Amino acid sequence: MANCLSDLLQYRGLFQMILVLGIGGSFPYGFHISAISYPSLHIRTFINETWIERYGYPLHPETIMLLWSFIVSVYGIGGLLGSLYCGYLTTKYRKKKCQIVTNLIMLVASLFMAFCKMAKSFEMILIGRFLYGMGTGFSLTIHPQYVGEISPKKLRGFSNSTLAVFLTLGKVLGQIFGLRELLGNESLWPLLLASTGLTALIQLIMLPFFPESPSYLLIQEGNEDAFMKAIKQLWGEGDHQPEIDDILKEKAATKSTKTLRVLELFKERSLRWQLYFLVTIMTSLQLSGVNAIYFYSFEVFRAARFEDYLIPYISLGVGTCECLSSIVCSSLIERFGRRMLLCGGYVLMIFVLTLLTMTLSLQHQFFWMHYFSVVLIFLFVICYGIGPSGATGAIITEIFSQSFRPSAFLIYGSISWVWLFVLGMIFPYIVESLGSFCYLIFLGILVFSSVFTYLFLPETKGKSIMEIKGEFNKLNFGKKQAVNTENNLSKEHTFCTRL
């Protein structure tokens, strides 16, 4: 407890910046994932009423559903575009500047949402959702990079896991504010959709008071004065020389390395296994079944004979469990390591998903199976939050060095948004075709990811970027060639002096 208190006092600048980054980073993504479902009936009614007022006749129900589906899915299109352009823009204009511009995009989107009903324009909802997607596409790419780069080695896992904490917190608050007693009713739903304009405004005001990441200032900019000033502001007074030496070693190792584009990243042999893990971990995160669980949970709750008015509150309980388990993950990640939490989470999710498939297939034979399925949904979300949700961001940030991180996170964001869009489009058809066995697809993905991670992923806990790179060199080049590479690097590092 005393150590935690001393860290809180010494690194208060770091924790303050993590809070500011989270508010405008992954929080809006989670909020808009959950909040949009609550006013769905009101939005569809608004579309039809607007059309009648303009043209004098109602829309066909299928057309209304098509427009509603496009409103939901255009968020993913905007997010994908934001992710694709983020790597180039952050390299050219810095992460802080790009995040500030992102806040302006989010504010414009919130204005479209707030005044759509007054303007009697459902097109404004489409534009607002697209801009929200683009803004969160930027934020989800910038947030984990920024947090990972501003954190000292001993707090890097905790800092990176806060990405999941803010994301799930956004989901929960979206569910809370979406309740009909608050903003999810017929008169206030535009304010619900515009709510994240407030978080964007807070970050827009606060972010200019914080520095760029120390590693960026030293490695990319070569500005030693700004580097030391950022270290002092974020990490406080104390002996940070070992951390500074690690950053200097990274700078020395990347001195002749240019920032690679995505296609160049795929061709780089020294990054081959890092890319394998990036694709595997991100695919398993999106196709682990948790998004499908959220989609199918309403049907399970109805089958368990819960009243319709109670279902939003039960779903809120599911979201709260995910949020709390993400907080637990952030407290455990530096103790147990990333690899153990990831593999352990996969194994527990496989076990729970197997049981859930069985209970869903038997729910018509035994009445109590409905309630067992509800319990399993809660357990699955808890396992996801403690394991993959929090550990994934930490691993991906740590396995790529400063020069390769922008392009790596472009791939990270693209995979995330593409799978989110694909899953939203095809999962209803999968449910229709496979019924209760629809989760077997996700089960297979989890089995593959758990075996692959257990056999090959090195532990990154407590290691510098160069030490992690050395571990991956053994996979990329073989042990003998990796030793020669490390010896050559150690000779290059001898010029590094203390600042």
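Computed from a predicted model, the values in this text were never measured in an experiment. In what follows, residues are counted from 1 in the order of the sequence shown.
Side-chain atoms of Phe456 and Phe277, non-hydrogen and from C-beta on, do get closer than 4.5 Å to each other. Contact of the Leu167 side chain with the Phe27 side chain is not registered, since no non-hydrogen atoms from C-beta on lie closer than 4.5 Å. Within the 4.5 Å cutoff, side-chain heavy atoms of Leu14 are placed close to those of Leu155. For the pair Met349/Pro388, a side-chain contact is recorded, criterion being any heavy-atom separation below 4.5 Å from C-beta on. The shortest distance between side-chain heavy atoms of Met106 and Tyr132 falls below 4.5 Å. Considering only heavy atoms from C-beta on, Ile125 comes within 4.5 Å of Ile43 through its side chain. Counting only heavy atoms from C-beta outward, the side chains of Phe15 and Leu19 never approach each other to under 4.5 Å. Counting heavy atoms from C-beta on, the side chains of Trp417 and Thr136 come closer than 4.5 Å.
The minimum heavy-atom distance between Arg269 and Asn476, with the atom names listed, is NE-O, 3.3 Å. Residues Pro211 and Tyr146 share a closest heavy-atom pair of O-OH, 2.8 Å. Nearest heavy atom pair, residue Phe158 against residue Ser161, reads O-OG, 2.7 Å. When all heavy atoms of Leu356 and Ser373 are compared, the pair lying nearest together is CD1-O, 3.7 Å. Between Ser288 and Leu353, the shortest heavy-atom contact is O-CD2, 4.1 Å. In terms of heavy-atom proximity, Ser195 sits nearest to Phe31 at CB-CZ, 3.8 Å.
Glu471 places no side-chain N or O within 3.5 Å of a backbone atom of Glu459 that could act as its donor or acceptor partner. In this structure, Thr141 contributes its side chain and Gly137 its backbone to a donor-acceptor pair below 3.5 Å. Not one N or O on the side chain of Trp235 forms a donor-acceptor pair closer than 3.5 Å with the backbone of Ala230. Looking at Gln99, its side chain never comes within 3.5 Å of a backbone N or O of Gln203 through a donor-acceptor pair. No donor-acceptor pair closer than 3.5 Å links the side chain of Thr196 to the backbone N or O of Thr199. Side-chain atoms of Tyr412 never come within 3.5 Å of backbone atoms of Thr397 as a donor-acceptor pair (strictly under, hydrogens ignored). At distances below 3.5 Å, at least one donor-acceptor pair connects side-chain atoms of Trp273 with backbone N or O atoms of Leu475. Between the side chain of Ser26 and the backbone N or O of Gly22, no donor-acceptor pair lies under 3.5 Å. Side-chain N or O atoms of Ser330 include one that pairs as donor or acceptor with a backbone N or O of Ile327 at under 3.5 Å. No side-chain donor-acceptor contact under 3.5 Å links Thr283 to the backbone of Thr280.
Note that the OG atom of Ser284 and the CZ atom of Phe452 stand 10.5 Å from one another [nearest 0.5 Å]. To the nearest 0.5 Å, atom CD of residue Glu149 and atom CG of residue Leu217 are 10.0 Å apart. Summarising the geometry, atom SG belonging to Cys321 is positioned 11.5 Å from atom CD1 belonging to Ile377; distances are rounded to the nearest 0.5 Å. Rounding to the nearest 0.5 angstrom, the gap separating the OH atom in Tyr346 from the CD1 atom in Ile445 is 10.5 Å. To the nearest 0.5 Å, atom CD1 of residue Ile465 and atom NZ of residue Lys153 are 10.0 Å apart. Note: Ser326 OG to Ile382 CD1 = 11.0 Å, rounded to the nearest 0.5 Å.
Here Tyr29 pairs with nothing under the side chain to side chain donor-acceptor pair (under 3.5 Å) rule; sequence neighbours left out.
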- Item | Leu80/Ser414 under side chain to side chain contact (heavy atoms under 4.5 Å, CB included): CA gap, chis, key distance, verdict | CA-CA 6 Å; Leu80 179 60; Ser414 299; 4.0 Å; yes
- Message: Ile396 vs Asn160, test: side chain to side chain contact (heavy atoms under 4.5 Å, CB included). Steps then yes/no.
- Response: CA-CA 9 Å; Ile396 293 173; Asn160 289 324; over 6 Å; no
- Task: Step by step, work out the side chain to side chain contact (heavy atoms under 4.5 Å, CB included) result for Phe409 and Cys86.
- Result: CA-CA 9 Å; Phe409 272 88; Cys86 189; over 6 Å; no
- Message: Does Ile415 form a side chain to side chain contact (heavy atoms under 4.5 Å, CB included) with Gln286? I'd like the steps, not just the answer.
- Response: CA-CA 9 Å; Ile415 292 172; Gln286 291 299 323; 5.5 Å; no
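Note that Arg129 lies in the cation-pi zone of Tyr75, set by a 6.0 Å cut-off to the ring centre and a 45° limit from the axis.
Residue pairs satisfying the salt bridge (charged side-chain N to carboxylate O under 4.0 Å, His left out) criterion with at least one member in residues 335-346, sequence neighbours excluded, are listed as follows: Glu334-Arg338, Arg338-Glu398.
No more than 12 heavy atoms of other residues, nucleotides or ligands sit less than 6.0 Å from atom CZ of Phe372. Sparse packing is recorded around OH of Tyr454, with 12 or fewer heavy atoms of other residues, nucleotides or ligands lying under 6.0 Å away. Heavy atoms of other residues, nucleotides or ligands lying less than 6.0 angstrom from CG of Leu455 number more than 12.
Here Phe138 and Tyr85 keep their ring centres 6.0 angstrom or further from each other.
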